[in-house]
Amino acid sequence: MNQNRRVEAPPADWVLCPSRRRFLRVALLAGAGSCIPFFAEWECAGADPLGLARPTGEQQKQVGQEGAAEVRKKYPELPEDDGRSRHFRSIGERLVKALPSADRKPWDYSFHVLESKTVNAFALPGGPMFMFTGLFEKLTTDDAVAAVTGHELSHVRFQHWANAYAQENREKAAVGAGIILTHAPLKAAVLAALSQHALNLKHSRRSEDQADQGGLQNLIAAGFNPNGMLQLFTTLEKVQNAAGGAPPAWLTDHPDTAARFRATQERIAAYGNKHPWPPETPLDYASLKG
Ligand SMILES: [Zn+2]
């Protein structure tokens, strides 16, 4: 493993949106040596580079596993049998069961808790999902945990990383700098570059909104109370206010939390009165420890 490649702290997504531009340059340079044969393959075969630019499902899973290994080098993961790990996993698995099979079967969803004060959660391509204790301990209902998790599951099943990567790669291919992927398993250097890209991805606002919407649907289908998502946004607002009013660095590029709250309120209201929501389930984080 190249020691120069490391997780840009802290990793990608959702409430957290570090600039990925700097990383992207690194990633392309790191992959440059390996992209030459891919270009040659494409040119000889005369294949459509646009079709080849998007990583396949199997490649996404490879990238996610590689990225997860990088994450574990940086953050300690709670043991699988820790009460917090078990609780997060049970909520995640309940959401996965409620997904349509087309969204469930292709992916290797897994649920992990990282020991860190960072108020965040994120998913990697193909299914690995990480919750920081810094966010977990602030959530007071299972429904709010399910809201975070449903949002992240949506990024995986809607293949947001692969779509974003393909879009960027198409733009670079136009000036002869893109990496052309075949459907073969990824070679080590390309895999390392792609996993770094995934770790530092800043999702577009459109993707974030789609993940909020998909997460809410999933939450409801799994029998959670949708107000959990509103609680989540309220918690994020409090974190922001506690930081002195100025948005913390990880929120500066992110869709406005108040706007996400309003959009979610409207979506819940659109269900009308025909759905009596189940009661919220209180979460006692302290009792889960150990
Ligand atoms: Zn997100």
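Read the numbers this way: they start at 1 and go in the same order the structure lists the ligands and their atoms.
Among the backbone and side-chain atoms of H151, an N/O/S atom is found under 2.8 Å from the Zn ion (ligand 1). Residue H155 counts as close to the Zn ion (ligand 1), with an N, O or S atom under 2.8 Å.
For Y271 and W277, the gap between ring centers is short of 6.0 Å. Y75 and F132 have their aromatic ring centers within a separation under 6.0 angstrom.
For the residue pair Q210 and H160, a side-chain donor N or O sits within less than 3.5 Å of a side-chain acceptor on the partner. Between the side chains of Q159 and R54, at least one donor N or O sits under 3.5 Å from an acceptor N or O.
Summary: OE1 is the N/O/S atom of E208 found nearest to the Zn ion (ligand 1).
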